[in-house]
Amino acid sequence: TVKLIDPSGNVVASDANQDVEINVIDGQVTYRIQDPQSGQWEYEIVNQGSDELSYQTEVAGDAQASLDVSTPANTYYETGSASVTGLFYGQNGDIENAVVTANVTQQDGTTKTVSFTEINPGVYTANIDLPDDGSYSITTNAKKNNIIRQNTKTITAKSLSKSPVSV
């Protein structure tokens with residue numbers, strides 16, 4: 001016997017909720033839940049026989065939200081700073097009033113956290129420092145309620161040569 005228990009402590013049953021589909025095929029129990037409640041879910045497996053029971057648990061989800069991150073260029077031919085734009089959106093449109101930050105890994109291995117500002121609904125921007133030549137890894141995190149998305153992008157800074165140019 002398999003029971004799925006929601007974060008409120010209720011046993012999930014398909015006849016009690018139209019958003020739940022339960023399938024049992026060859027001893028495999030599958031729960032499909034539309035818009036699941038946030039929080040900690042639990043399950044209970046009871047072996048009603050005398051033989052040893054082995055089991056496997058797998059959780060998969062499909063959420064219709066995305067975080068796209070872009071910069072004006074992938075390579076900057078001077079050190080200084082670069083602007084980063086994040087588009088946070090879901091199936092119903094832009095996700096407004098989210099908390100968006102980026103962890104920027106510097107050349108010396110340290111990480112700096114940068115906060116984004118929302119400039120339009122679902123559009124967030126920030127400036128990151130590029131103090132030295134090299135690659136910078138930018139891991140952007142966006143969160144609104146129980147929707148969390150992450151995107152990683154790498155950009156490069158290269159100083160132009162200061163040697164004289166002849167024509």
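Nothing here was measured: the structure is a model prediction, and the numbers come from that model.
Between S115 and A126, the shortest heavy-atom contact is O-CB, 3.7 Å. Contact record, S83 with P72: O-CD, 3.3 Å, taken as the closest heavy-atom pair.
Contacts of D51 classified as side-chain contact (heavy atoms from CB on, under 4.5 Å), with partners at least two apart in sequence or in another chain: none. Among residues two or more places apart in sequence or in another chain, the side chain to side chain donor-acceptor pair (under 3.5 Å) test is passed with T57 by Y43. Scanning for side-chain contact (heavy atoms from CB on, under 4.5 Å) contacts around Q40 gives E42, with sequence neighbours left out. Residues meeting the side chain to side chain donor-acceptor pair (under 3.5 Å) test with D132, sequence neighbours left out: none. Residues forming a side chain to side chain donor-acceptor pair (under 3.5 Å) with Q150 (at least two apart in sequence, or on another chain): N141. Applying the side-chain contact (heavy atoms from CB on, under 4.5 Å) test to I119 and every residue at least two apart in sequence or in another chain returns V123, T125. Residues forming a side chain to side chain donor-acceptor pair (under 3.5 Å) with T152 (at least two apart in sequence, or on another chain): T139. In this view, N97 and E118, K144 satisfy the side-chain contact (heavy atoms from CB on, under 4.5 Å) rule, not counting sequence neighbours.
Under a hydrophobic-cluster definition in which Ile, Leu, Val, Met, Phe, Trp and Tyr are linked whenever side-chain heavy atoms come within less than 4.5 Å, directly or via other members, V29 and V46 are assigned to different clusters.
Pairs of residues two or more places apart, or lying in two chains, that qualify as side chain to side chain donor-acceptor pair (under 3.5 Å) and include a residue from residues 103-112 are N103-T113, D108-T110. Within the structure, side chain to side chain donor-acceptor pair (under 3.5 Å) pairs that include any residue of residues 23-32 comprise E21-N23 (at least two apart or interchain).
The hydrophobic cluster containing I147, built from Ile/Leu/Val/Met/Phe/Trp/Tyr side-chain heavy atoms closer than 4.5 Å, also comprises L67, V69, Y76, V84, F88, I95, V100, V104, V114, F116, Y124, I128, L130, Y136, I138, I155. Applying the 4.5 Å side-chain rule to ILVMFWY residues, one finds that V99 remains a lone member of its cluster.
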message: Could you walk me through whether L4 and V20 satisfy the side-chain contact (heavy atoms from CB on, under 4.5 Å) test, starting with their C-alpha distance in whole Å, then the side-chain angles of each, then the deciding distance to 0.1 Å, before giving a yes or no?
response: CA-CA 11 Å; L4 181 64; V20 176; over 6 Å; no
- request: Check the pair W41, I5 against side-chain contact (heavy atoms from CB on, under 4.5 Å), reporting the backbone distance first and the verdict last.
  value: CA-CA 6 Å; W41 288 71; I5 303 162; over 6 Å; no
task: Before giving the answer on side-chain contact (heavy atoms from CB on, under 4.5 Å), spell out for K153 and T140 the whole-Å C-alpha distance, their side-chain angles and the decisive distance to 0.1 Å.
output: CA-CA 8 Å; K153 179 172 184 59; T140 305; over 6 Å; no
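A distance of 8.0 Å separates OG of S50 from CG of N47, quoted to the nearest 0.5 Å. Distance check, rounded to the nearest 0.5 Å: OG1 of T85 to CG of D68 gives 11.0 Å. Separation of atoms OG1 (T156) and OH (Y77) is listed at 8.5 Å; rounding is to 0.5 Å.
Counting only distance, with no hydrogens or angles, the side chain of D94 and the backbone of E96 share no donor-acceptor pair below 3.5 Å.
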